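Computed from a predicted model, the values in this text were never measured in an experiment. This chain uses plain numbering: 1 for the first residue, then up along the sequence.
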Amino acid sequence: MTPRETVNPWSVAAAITALTCLGISSLTTYLDWRNNLSGIFHTREGTDWNMVWDTFSSWFLPLSLLLTTTLLIVAIVLKLLKRRHSKLQ
């Protein structure tokens, strides 16, 4: 068995989705916290961690749904094209 056959493509897609969503969500949350334009993320008393979590999850959840749906559609289309191609040969 070759290494390519042992890797589950769904696991790779899940890992790509999770890492992409984690990276984008973390970056946008950090930038919002750092800029703190309206003073809702931190004050002299400290950081409002509930607001940080709300911002992170408001990016992470929609992104994960979007990327998961997109990857599933792409995987299904590729599988159908592969089947069609194999029937034509």
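- Summarising the geometry, atom CG belonging to L63 is positioned 11.5 Å from atom OG belonging to S57; distances are rounded to the nearest 0.5 Å.
- By the 4.5 Å heavy-atom criterion applied to side chains, L61 and L65 are not counted as neighbours.
- In this structure, the side chain of S86 engages the main chain of R83 through a donor-acceptor pair within 3.5 Å.
- Closest heavy-atom contact between H42 and N36: O-ND2, 2.9 Å.
- Expressed to the nearest 0.5 Å, how far CZ of F56 lies from CG of L22 amounts to 5.0 Å.
- Distance OG1/T20 to CG/L66: 11.0 Å, rounded to 0.5 Å.
- L71 approaches A13 most closely through the heavy-atom pair CD1-O, 3.6 Å.
- Taking CH2 of W53 as the reference point, atom OG of S58 lies at 10.5 Å (rounded to 0.5 Å).
- V52 forms part of a hydrophobic cluster together with L27, Y30, L31, W33, I40, F41, W49, M51, judged by ILVMFWY side-chain heavy-atom separations under 4.5 Å.
- Note that OG1 of T68 and CD1 of I73 are 11.0 Å apart. Values are rounded to the nearest 0.5 Å.
- Tested against C21 for a side chain to side chain contact (heavy atoms under 4.5 Å, CB included), the candidates L19, T17, I24 yield a single pass: T17.
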